[in-house]
Amino acid sequence: TQLENVVVVGYGTQKRKDLTGAVSSVSAATIAKVPVVTVEQALQGRASGVQVTNNDGAPGGNISVIIRGVGSLSSNGNGPLYVVDGYPISTSISNINPSDIATIDVLKDASATAIYGIRAANGVVIITTKKGKRDGIQVSADAYLAVQGRPRTYDVLNAKDWATLSNEVAAADASQNYTEMEEWKNPSALTNIDWQDAMYRKGLTQNYSVALRGGSDKVQVATSLGYFDQKGIVQGSYFKRVTLGLNLDYNPYKWLKSSTSAKYAYQNSNNPFGTGSLVQLAQLPPTMDGGNKLSPLIKDGAGNYGFYNPNSVYVAKFGNPLFGIENNQYENINNNFLVNSSLEATIYDGLKLKTNAGVNISGYSGSFFQPEDNRLNQQYNLGGATQNAFYNQHINSTFEWLWENTIAYDKNFGMHGIHFVGGVSAQKNTYN
């Protein structure tokens, strides 16, 4: 049964038993068994010879895919080329809804370069999305909720033990170079702060997808809507994605057929504290007594945020990370539109002529605003704002147009083909 399966091989399809190259396949049924966020995760542990690594645990974090190991000199590093419904893309495929995927075929042989050129030097991942159904209408709905627990934390001193150690250091310093704050001399009276408890939370992931597929012998249509929302375990971190999909197939004659695929995705993500900064939580002193005269807490019920004493050389360099997360304004928005259309004619049995054209438009808008913070000056008369207002914006837009012509012959001798490719790409960056 496995040998009779049809596999996409670039410019056509073949039965697995006729393949001469190395190909791994993942079906929609396999993907549906485990909830996944991205196409890369759908490959993880399901395709032989494919190494999938989660480089970042943040929501929407980077995932790398390596086929046949590391060592390529191609322009896109060691990552493979992705082909979505016949359109090759070199950007991230995190905007594809995994619920829309019908099959994933991974071309692992270097022979894939004969089809896609140097871009295929690290392998090719061919993604085919679900098509419309003949003779009837199919409605499908997928939903899942997931809870992510807090991570393991470092075992650190509380305020009392920390101040007790500070007193011991001061008593043992015969030269009296170490001058501790007056508040630390009474460890039992200090307000204890657990930074790890304040910055970590339980993560919640929601994923919903609705699809409508139907049609007749001549026309088949598939539409889908997906919504994904992940709140990370670090305060302020999240990843949101909205996807729209349309597949339209038209077969006016037995020898002629056309296929159109359109995909739109909106993404919004934020990770203000970053994963590399988490170790700082174990380094922050466990008390802010002697700092903000209004409150020694991280944040009190009146909306006052604590801060460290600016006149102490030992704690002045530390800040309140929760204050920055809740007061700074972040924006990381991606919009992506991919449309691809093909026309295929069967000249005679076994000989096919196919022309394909598509457009890939993506845009990114990122901004950061840090408001003025004058609290230290107001309470300690330091002169001027201790944190000036700051604004930064980055806008990026990319346009890519591609056309392909293919002549394929698969009668008796397996799949053979001639492939012609051309295209135009442009990119614009704006910084403020």
Side-chain angles (χ1 to χ4, degrees), residues 34-38 41 44 53-63 94 144-163 165 187 190-207 227-241 267-289 291-292 294-308 314-315 317-332 366 368-371 373 375 387:
V34 179
V36 293
V37 178
T38 64
Q41 290 178 340
Q44 195 167 24
T53 305
N54 292 279
N55 300 314
D56 193 340
N62 180 48
I63 300 176
S94 61
Y144 73 82
L145 294 174
V147 178
Q148 186 176 8
R150 292 182 172 218
R152 295 182 62 182
T153 57
Y154 294 101
D155 187 13
V156 297
L157 298 176
N158 58 29
K160 181 180 179 180
D161 293 338
W162 185 84
L165 178 60
L190 292 176
T191 303
N192 185 66
I193 292 176
D194 189 335
W195 284 108
Q196 297 177 93
D197 182 67
M199 292 295 293
Y200 290 134
R201 64 183 180 185
K202 286 187 177 180
L204 176 64
T205 299
Q206 305 176 68
N207 186 66
Y227 174 74
F228 178 82
D229 182 10
Q230 180 183 9
K231 291 181 174 62
I233 60 173
V234 180
Q235 295 286 352
S237 63
Y238 63 83
F239 176 77
K240 297 180 181 180
R241 180 182 64 206
Q267 295 183 23
N268 188 7
S269 61
N270 191 25
N271 188 25
F273 198 57
T275 54
S277 303
L278 296 179
V279 70
Q280 296 179 10
L281 298 179
Q283 299 174 346
L284 292 174
T287 182
M288 286 192 289
D289 283 296
N292 192 339
L294 299 178
S295 176
L297 301 175
I298 297 176
K299 182 182 180 182
D300 64 15
N304 296 310
Y305 294 86
F307 55 76
Y308 291 100
Y314 303 111
V315 297
K317 61 181 178 180
F318 296 113
N320 184 341
L322 190 63
F323 173 81
I325 290 174
E326 295 187 350
N327 286 272
N328 297 335
Q329 299 177 23
Y330 308 84
E331 183 181 80
N332 293 284
F368 170 72
F369 174 66
Q370 174 183 278
D373 182 10
R375 296 172 301 159
Q387 176 179 287

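Bear in mind that the values here come from a model prediction, so they are computed numbers and not experimental data.
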Visitor: Measuring from atom CD of Gln206 to atom OH of Tyr227, what distance do you get when rounded to the nearest 0.5 angstrom?
Guide: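 Gln206 atom CD to Tyr227 atom OH measures 6.5 Å (nearest 0.5 Å).
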
Visitor: Can you see which heavy atom on Asp300 is nearest to which on Leu294, and at what distance?
Guide: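 Smallest heavy-atom distance, with atoms named: OD2-O, 4.1 Å.
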
Visitor: I'd like to know if the side chain of Asp289 and the backbone of Pro296 have a donor-acceptor N/O pair within less than 3.5 Å.
Guide: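 Here the side-chain-to-backbone pair does not exist.
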
Visitor: Tell me every residue that passes side chain to side chain donor-acceptor pair (under 3.5 Å) with Lys240, counting only those two or more places apart in sequence or in another chain.
Guide: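 Testing Lys240 for side chain to side chain donor-acceptor pair (under 3.5 Å), a comparison that skips the adjacent residues, returns none.
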
Visitor: Taking atom OG1 of Thr205 and atom CG of Leu145, what is their separation to the nearest 0.5 Å?
Guide: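 If I round to the nearest 0.5 Å, the distance is 9.0 Å.
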
Visitor: Do Tyr154 and Gln196 make a side-chain contact, defined as non-hydrogen atoms from C-beta onward lying under 4.5 Å apart?
Guide: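 Sidechains of Gln196 and Tyr154: in contact.
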
Visitor: Got Val36 and Gln44 here, is their nearest side-chain heavy-atom distance under 4.5 Å?
Guide: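 A side-chain contact is absent here, since even the closest heavy-atom pair is not under 4.5 Å.
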
Visitor: Can you name the residues that form a side chain to side chain donor-acceptor pair (under 3.5 Å) with Asn207, not counting sequence neighbours?
Guide: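 Expected list: none.
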
Visitor: If the condition is side chain to side chain contact (heavy atoms under 4.5 Å, CB included), which residues does Ile193 pass it with, not counting sequence neighbours?
Guide: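 Side chain to side chain contact (heavy atoms under 4.5 Å, CB included) check on Ile193 returns Trp195, Met288, Ile298.
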
Visitor: Using side-chain heavy atoms (C-beta onward) and a distance below 4.5 Å, is Asn328 in contact with Pro272?
Guide: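 Asn328 does not reach Pro272 side chain to side chain.
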
Visitor: What are the two closest non-hydrogen atoms of Asn271 and Ser237, and how far apart are they?
Guide: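 Shortest heavy-atom contact: OD1-CB, 3.7 Å.
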
Visitor: Evaluate the side-chain proximity of Tyr308 to Leu284: yes if any heavy-atom separation is below 4.5 Å, no if none is.
Guide: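 The answer is yes, as the side chains (C-beta and beyond) meet within the 4.5 Å cut-off.
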
Visitor: Could you go step by step and tell me if Ser295 and Asn304 meet the side chain to side chain donor-acceptor pair (under 3.5 Å) rule?
Guide: CA-CA 6 Å; Ser295 176; Asn304 296 310; 5.8 Å; no

Visitor: Taking salt bridge (charged side-chain N to carboxylate O under 4.0 Å, His left out) as the test, write out the residues that go with Glu326, two or more places apart.
Guide: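 Glu326 satisfies salt bridge (charged side-chain N to carboxylate O under 4.0 Å, His left out) with Lys299 only.
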
Visitor: Nearest heavy-atom pair of Asn320 and Gly306: which atoms, and what distance?
Guide: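 So the two residues come closest at ND2-O, 3.0 Å.
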
Visitor: Arg150 pairs by side-chain contact (heavy atoms from CB on, under 4.5 Å) with which of Asp197, Ile233, Val234?
Guide: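 That would be Asp197.
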
Visitor: Do the side chains of Phe273 and Leu281 get nearer than 4.5 Å, heavy atoms only?
Guide: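 Contact flag for Leu281/Phe273 side chains = yes.
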
Visitor: Could you tell me which non-hydrogen atom of Trp162 sits nearest to which non-hydrogen atom of Pro285, and how far apart they are?
Guide: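 Trp162 and Pro285 have their closest heavy atoms at CZ2-CB, 3.9 Å.
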
Visitor: Which pair of non-hydrogen atoms, one from Gln230 and one from Pro59, has the smallest distance, and what is that distance?
Guide: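 Shortest heavy-atom separation between Gln230 and Pro59 comes out as OE1-CA, 3.6 Å.
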
Visitor: Can you list everything that forms a side chain to side chain donor-acceptor pair (under 3.5 Å) with Gln370? Sequence neighbours excluded, please.
Guide: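 If we apply the side chain to side chain donor-acceptor pair (under 3.5 Å) test to Gln370, skipping adjacent residues, there are no hits.
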
Visitor: Who pairs with Asp229 by salt bridge (charged side-chain N to carboxylate O under 4.0 Å, His left out), at least two apart in sequence or on another chain?
Guide: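 In terms of salt bridge (charged side-chain N to carboxylate O under 4.0 Å, His left out), with neighbours along the sequence ignored, Asp229 is linked to Lys231.
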
Visitor: Of all residues at least two apart in sequence or in a different chain, which pass the side chain to side chain contact (heavy atoms under 4.5 Å, CB included) check with Asn192?
Guide: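 Asn192: side chain to side chain contact (heavy atoms under 4.5 Å, CB included) contacts with Asn158, Ala159, Pro286.
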
Visitor: Taking only residues two or more places apart in sequence, or in another chain, which ones meet Thr38 in a side chain to side chain contact (heavy atoms under 4.5 Å, CB included)?
Guide: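 Per chain and number, Thr38 pairs via side chain to side chain contact (heavy atoms under 4.5 Å, CB included) with Glu40, Gln41, Ile63, Ser94, Arg241.
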
Visitor: Sequence neighbours left out, what passes ring pair (Phe, Tyr, Trp, His ring centres under 6.0 Å) with Phe323? Give chain and number order.
Guide: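 Ring pair (Phe, Tyr, Trp, His ring centres under 6.0 Å) list for Phe323, sorted by chain: Tyr305.
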
Visitor: Less than 4.5 Å apart, any side-chain heavy atom of Met199 and any of Pro321?
Guide: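 Side chain of Met199 against side chain of Pro321, heavy atoms only: contact under 4.5 Å found.
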
Visitor: Who pairs with Tyr330 by ring pair (Phe, Tyr, Trp, His ring centres under 6.0 Å), at least two apart in sequence or on another chain?
Guide: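 In terms of ring pair (Phe, Tyr, Trp, His ring centres under 6.0 Å), with neighbours along the sequence ignored, Tyr330 is linked to Phe368.
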
Visitor: Going by side chain to side chain donor-acceptor pair (under 3.5 Å), name the residues that satisfy it together with Ser269, two or more places apart in sequence or in a different chain.
Guide: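 Ser269: no side chain to side chain donor-acceptor pair (under 3.5 Å) contacts found.
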
Visitor: Once side chain to side chain contact (heavy atoms under 4.5 Å, CB included) is applied, do any residues pair with Tyr314, and if so which ones, sequence neighbours excluded?
Guide: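 Per chain and number, Tyr314 pairs via side chain to side chain contact (heavy atoms under 4.5 Å, CB included) with Tyr178, Trp184, Ser312.
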
